[in-house]
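Only this structure's heavy atoms are used, side chains among them; waters, hydrogens and symmetry mates stay out. Count residues from 1 along the sequence. First listed ligand is number 1; within each ligand, the first listed atom is number 1.
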Amino acid sequence: MFSYFGHLFLTTLYAYFGLTCRFIRNAPGIRHCIDLVNSILLAALRTGPLPKHVAFIMDGNRRFAKHKKIPVEGGHSVGAARLVKILTACYNLKIKEVSVYAFSIENFNRSEEEVKNLFNLLRDRLTTVTSDDNQSALDMGQIKIRVIGNKSMIPEDILKDLEEIEEKKKHYTGGILNICAPYTSRDEICYSLQQITSDASDGNIENVAVIDSDYVRDRFYYGPDSAHVDLLVRTSGVTRLSDYLLWQCNENSTIHFTGTLWPDFTSIELLRILVDWSFNRFLNLDDPESSQIFKSVPLDTLQKPPPLATVTKN
Ligand SMILES: *[C@@H]1O[C@H](CO)[C@@H](O)[C@H](O)[C@H]1NC(C)=O
Ligand SMILES: *[C@@H]1O[C@H](CO)[C@@H](O)[C@H](O)[C@H]1NC(C)=O
Ligand SMILES: *[C@@H]1O[C@H](CO)[C@@H](O)[C@H](O)[C@H]1NC(C)=O
Ligand SMILES: *[C@@H]1O[C@H](CO)[C@@H](O)[C@H](O)[C@H]1NC(C)=O
C-alpha cells in the first residue's frame, strides 16, 4: 500500500518535473540537478509495475540525416549509438526483454549500398557492444542476443558473425535483446505455417485441434519463450505498425507514437513514456491489483459519525 502511493507520488512528481525542466534545462548547473533527480526517479520507477517486454520501431534516421545535411549512413550511425543508450536504460530498469526493428524485409527495396551499409553497421555495433573487453559494453555484458527473422536473406559473411555473437551470448540471463532483421510479421506467420505443414506431412499432427494459437506462436521466429509485447514505441511521428509484431501485441499492449526522430530520442523521453505506462497500468480498474486499492464502499455501510463536539465554552 505504501509503496503504491509512494510510487504514485514520485511518478507524478517525475511527470511534472519533466514538463518544468524543459524550460530550465539550459540554465547553468541545472544539468547536474536533472541527472540527480533522474537517477532518484529511476529508482522510484523500479518499485512500480514496469513492462516486461518493450519493442522499438526506430524511425527517423534518414530524416535526421537530411535535417543535419549529413549522408544517410551518418544518420544510421547516430541512430545506432542512440540505441545503445536506450538499451542500457532499459536493462538498468530491469526490463527483461527488448525487441528492435532493425531491418524490415521491405528495406531490401532500398539502394544496394544502403542495405549493405545497414548490415555492416548492425554487425559492427553488435561486435562492439558485446565485446568482453570494452567499457561501453559493461551494461550489456550479460544480455542474451537473438537475431529474429528470415536469416537466409542476410549476406553470408554477416550472418556468420551474427550467429557467432548469438552463440556466445546464448546462455546469458541478464535480459534479452531481440534484433528483428530481416523481419516482417507476415513473413513470420508464413514461416510458422510452413513448419506446421511440414509437421503435418511428417505425420506428427494427429488431430487438427492441436493447432491453437499457442501452437502457431511456438513455431514463430520468436520461439516459445518470448513474452507478449507490453509496450511498443515508434518514433518520428509515423503512425503505422509497418508489419511489426502484429501477433505479439495483444489486447493489453500499449502502442506509443512519438514525433521525436530516433537519433534524438533520449532516455528521459523513454522514462516519461514508462511513467505514463506505469500510471495507466495502475489505474486500470480491471486489474485485480488496483481494484483492491480502489474498492468502492457504499455510504450506508459506514459507521454513523459522532455527535458534534466543541472545545469552546459555549
Ligand atoms: C520491392 O518493390 C517492388 C516494386 O515496387 C515490389 O514488387 C516488390 O515486392 C518489393 N520487394 C520487397 C521485398 O518488398
Ligand atoms: C570499445 O567501444 C568504443 C566505443 O564504442 C570503440 O570505439 C572501441 O573500438 C571498442 N573497443 C573494442 C576493443 O571493441
Ligand atoms: C526466407 O527467405 C528465402 C530467401 O529469400 C525465401 O526463399 C523463403 O521463402 C523465406 N521464408 C519465408 C518463411 O518467408
Ligand atoms: C489482459 O489483461 C487482463 C486483465 O489483467 C487479463 O485478464 C488478460 O488475461 C490479459 N490478456 C492477455 C492476452 O494477457
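- Contact atoms of ligand 4 toward N250: 12 (C), 13 (C), 14 (O) (distance under 4.0 Å to a heavy atom of the residue).
- Between the side chains of S99 and Y222, at least one donor N or O lies within less than 3.5 Å of an accepting N or O.
- Once rounded to the nearest 0.5 Å, the distance linking CG of D218 with CG of D225 reads 9.0 Å.
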>> If you apply the rule side-chain hydrogen bond (donor to acceptor under 3.5 Å, both in side chains), what do you find for N250 with S253, and how did you get there?
In response: CA-CA 5 Å; N250 67 13; S253 305; 3.3 Å; yes

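- A salt bridge links E167 with K170; the closest basic N to acidic carboxylate O contact falls under 4.0 Å.
- N178 and Y183 form no side-chain donor-acceptor contact under 3.5 Å, judged by distance and modelled atom types alone.
- Residue N252 has at least one N or O atom closer than 3.5 Å to an N or O atom of ligand 4.
- Side-chain contact, S226 with Q248: no donor N or O sits under 3.5 Å from an acceptor N or O.
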Please tabulate protein-ligand N/O pairs under 3.5 Å for ligand 3, atom names and distances to 0.1 Å.
unit_1, atom_1, unit_2, atom_2, d
ligand 3, 2 (O), N150, OD1, 3.2
ligand 3, 2 (O), N150, ND2, 2.3
ligand 3, 2 (O), S152, OG, 3.2
ligand 3, 11 (N), N150, ND2, 2.9
ligand 3, 14 (O), D187, OD1, 2.2

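- Interatomic distance, Y215 OH to S192 OG, rounded to the nearest 0.5 Å: 9.0 Å.
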